[in-house]
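Naming: A, B, ... by sequence-line order, numbering from 1 per chain.
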Amino acid sequence: MATDLAPPATKPASPGDRPGRVPIRAALLRYRWLYLMLVPGLVYFALFKYLPMYGLTIAFQDFVPFLGYSGSPWVGFKHFEDLFTGPDFGRLLFNTLFLALLTAVFVFPAPIVVALLLNELRVAVLKRFVQSLIYIPHFLSWTIVFSLTYLLFAVDFGVVAGWIHGLTGGPRVDYMARPEWFRPLVILQLLWKTSGWGTIIYLAALAGVDRNLYEAARMDGAGRWRQFWHVTLPAIRPTIVVMAILTSGNLLDQSFEQIWLLTNSLNRSVADVFDTFVYYVGVQQGGYSYATAVGLFKGVAGVILIFGSNWLAKRLGQRGLF
Amino acid sequence: MSASRRRILAGVLTLTTALALSACSDVGGGTEADGDTLTMMVPLFGTAPDPQGEIHQAVEKLTGKKLSISWTPNAEYNEKVNVVLASDSIPDVMVIQDNKGPSFVQAAKAGAFWDLTDKLDKYPNLKPKSEQAWINSKTDGRNYGVYRVRPLLRSAVVLRKDWLDKLGLEPPKTTEDLYEIAKAFTERDPDGNGEKDTYGLILPKWPGTNFAASSPYNVIDVWFGTPNNVGMRDGKLVPEFDVPEFWEAQKYIKRFIDEGLVNPDWATLDTGRWNDPFVQGKGGIIIDVNVRAGELFDEFKELDRETYHEKVAMAGNLSLPDGRKFSYPFTGFNGIVAISKQRVRTEEQLDDVLRTLDRLAAKEGAILLNNGIEGRNFRVEDGYAVKINDQDPAVKVINNDVDFAFIQLGMTSSVGVAGDAYEWMRPSEAEKEWLEQRDELMNLDLQTAVHDPSLPVISQTAVERGATLNPIPTDARVKYLAGELTEEQFRAEIKRWYDSGGTQILAELQAGIAKIGG
Amino acid sequence: MRTTAKPSAVKHYSSPGSRVFDTLNVIVLGGLALITVLPLLYVLAGSFATEGEIRARPFFLWPENFVTSTYAFIFANDTLLRAMITTVVVTAVGTVLQVTLTFTMAYPLAKRYLPGRTLVLNLVIFTLVFGGGIVPTYLVVRDLGLLDSYWALILPLAINPFYLIIVKSFFQELPQALEEAARIDGCNEMGVFLKIVLPLSKPIIATFSLFYAVGIWNDYMSPLLYINDNQKWTLQVLVRQLTSPDAANAIGALDSAAFFPAQGLKFAVVVIATLPILCFYPFLQKHFAKGVLIGSVKE
């Protein structure tokens, strides 16, 4: 398949596929243009990404902003101990993982489905119309999303709450307060806010599919479903794989503002996640060091997830990140 | 092609460096203050004033200093304060909103700011006017700044006046009155539409996890005679939620909820939408700060200019049916104005800065910061300030600069405390009466105020374990009121609070209070 | 080698199953568009309504009293207009720089044979999950002398590692044959990149221009941290200023004077801040609609 190429099998002008064969100096000379193209990016990463990394050391300090990085006292693994042995850890981990799982299952595939549906849409005008509308929610802040959620789900005047009440005839449910409705609401909000925006990348991938491939498939007698299965899907599979691997690294990050707004005393037991707890710690104790410790913990988990899913992708015969 | 590309890249880099070098005006830098310019960092609620603007110029003229003010959005103010503290770029003068927060406490203890505890006596306008606010604004026993005044007592009950009138009811005096009114608002069709679609009390979801957080719940607790946050009982410091009166208060509140006298979404209603049910005619009582009545007047005014003055009534703190009365006070301050020791190094320099602040706190300065420029954007009538020329764009800018920016520098006068500045005139008789009533109630209720003795001290355990401990009693109360916890389970949660560090917090607070002689 | 495909090459299907699917698809996507656009219409209508009406009516699509006073208030002084111009310029310059840097770096990383590539990729991936935090980054920006410079809004965000890796993966999907041909014709790698790869990547360039532009456009943290001169503020800082009674404020809500922004103002600001960037999209859509011919190059 043209879009799922293996690396070029024969390369008259280029050397072999495996690195390490060429001595460094020869490589530098031979690929001078490629290396030159890397330089600005490397400078950027060194300056703005790696130079500030020393900030991670405050996970092992009791960081006081005024005393700074050199003046704050060192406390070793205190914050990690607090984190792992604290009475909230189990609950935070469970809630965070549960939401991560729901996000992976429901939120991640949504833009793919929408992009594929859009791709099948035959009415060009409608297609353009829908495309330019569905990504609008991306621009609305969580505060606005929350107010809209309230308009829909408030126990006494919520529009959707009213419909459900009317359909089922049961007692009015306070969706915003019931713990069992917290996660569905989070996922619904995420779906609404992110699905449309997420389609853009897949639409770009779909734009790259050669129309002739469909023509060829049709010549071979393929129906619509088989064209989808054999042309469309393979065309965006690499994009899906890359997106899956990359997002897995940030799976444990939840949008603090979103969760915070939806949290109340009645649903806190299921609502508290690392990101909101770090905020509460921050309000109480400045919490820079603790927050950084949590960040490090999540980062390590993220690295494991990225490399794990990359490995998995390769095992499944996909290209992966490397 | 590639050569030209390289030239472009080189060009971009050079341009970057050039732009970078030509642009620097750090908030303060590690350098010393110079005598003529005062650098400041102040929270901002709207758009930032132009340094060439009329108010800015007038303030500079008054103080005789050039002011370089870094207006910082309120929402991210604390974040920016931490960055400034961490990067050695503290300005001469800095508004600190959270002067009990650990990053300020630690900075102050490490000598970042002047300790003004014994230094303000010779400045007539900075000298604390309220002993209580001065104590409340202490950071671990010391005053690291001049407090920004707020009304010390501003709790009140706001009601739909038209509903009261229709049902022939008077504003409440006792907690029992309030219950009766809420019941009548719910059951006797106060809006006269023939349907039972109203409720009495409007309760919002209180943000944050702190138990003592000036919520309507806290106000009711105190009415029933609990301590405000903590209080001494038989020589021992006890929390608000562990005295017999607390349980009476809970049963009182629970009665409202069980009988449907509150909004059905009381556990989730956003505080930003608190006014909505009141204005929409769904609910008729709000227990909050007295200025909310002013807000409600304004919102009704937008709906109907003819009748708005008939819609809002206010009552002060309520007494118990047996006549005992306990009122809920506020802290009387809103953050402090702190002075950097890195920038303002000597006693002479400090004196100079304090004299400048004193001028801002004096009558002329207070008027400038709270009202604006007399004859330009307001005039004085019967001792009230009245807006003039407010359609003139330049005057709009003045109003904006005052209301959303410079008022934040007000130390002796502010929203709700006119001090030496003028109260804004309200057009209708009802509103004027309300203003007078407000001031009357503030003074009256202050006599029965139950203050929180722990405000000037800090418990290290509360700092370290607050994130875990604070939600325990807070959530338990809401769950109890919602019927999800029994009283026994609620008491068990309180015991869990004691056992996980609460006992220690109380011991530390008690020791701290004893030390400063409170 | 190249065969041009006519857009009309995709025929309409007439099997009943196919028609049912088409109908359902129209309904589903139409519904989707509706639930995304309705709230925005509410925001739009609210921006033209009086504060009283917004408080009194939970949801509406047309205000009873159509007023423009909210916008008149916003544009009463030139602050917002100035911020908007600033933001447009910073976004434009920033996007060009970001796309240039990202694509330039992604290209060599797409070459599997390049020695050292895996190391660089690992370093990039690492930054996806680890960062030094606000203060150290602030110090770097300050030490580069970028405080109060618009470059501070661009340079610290010059390459998004997430985007970089996606672009790299797109490059890997490009057919190698054309590149080979160019190399045989004597082009160096830079030439291949500029003459062959970039023209083939138009939809991708369009996509990431959009991503980067929106990123800068929506960024409020950078201006807040790095720009002390309020006259240089960008649109989003003003938007935040005018719309969020946020966490920090709400907690002290009772004890600070109550400053909840008017709802109508909130809505108007959202409209003003969102519309310009919305106009950007159809512009880019052109590139998607055209499609590209990369697949037409057979190995």
Query raised in the report: Parallel, tilted or perpendicular: which fits the ring planes of A:Phe80 and A:Phe77, with parallel below 30° and perpendicular above 60°?
Result: tilted
Report summary line: When A:Tyr290, A:Tyr54, A:Tyr69, A:Trp74 are each screened for ring pair (Phe, Tyr, Trp, His ring centres under 6.0 Å) with A:Phe63, the one that passes is A:Tyr69
Query - Part of B:Ala482 lying under 4.5 Å from any heavy atom of chain A - result: side chain
Query raised in the report: Once the angle between the rings of A:Tyr175 and A:Phe153 is folded into 0 to 90°, is it parallel (under 30°), tilted (30 to 60°) or perpendicular (over 60°)?
Result: perpendicular
Query raised in the report: Between B:Lys479 and chain A, which part of the residue has a heavy atom less than 4.5 Å away: side chain, backbone, both or neither?
Result: both
Query raised in the report: So, do B:Trp266 and B:Phe256 have ring centers that fall under 6.0 Å from each other?
Result: no
Report summary line: Rounded to the nearest 0.5 Å, the CD atom of A:Gln189 sits from the CZ atom of A:Phe146 at a distance of 8.0 Å
Query raised in the report: Side chain, backbone, both or neither: which part of A:Ser147 has a non-hydrogen atom closer than 4.5 Å to chain B?
Result: both
Query raised in the report: Side chain, backbone, both or neither: which part of A:Asn264 has an atom under 4.5 Å from a heavy atom of chain B?
Result: both
Query - Interface moiety of B:Phe113 toward chain A, non-hydrogen atoms closer than 4.5 Å - result: neither
Requested in this report: Select, from A:Val155, A:Leu262, A:Val64, A:Leu261, the one with the greatest count of heavy-atom pairs under 4.5 Å involving chain B.
Outcome: A:Val64
Query raised in the report: Got a second to check how far B:Arg465's CZ is from B:Trp497's CH2, nearest 0.5 Å?
Result: 11.5 Å
**Report entry** Residue B:Arg477 versus chain A: region with a heavy atom under 4.5 Å
**Finding:** neither
Requested in this report: Using a cut-off of under 4.5 Å on heavy-atom pairs, state which of B:Val105, B:Thr474, B:Val83, B:Leu85 scores highest against chain A.
Outcome: B:Leu85
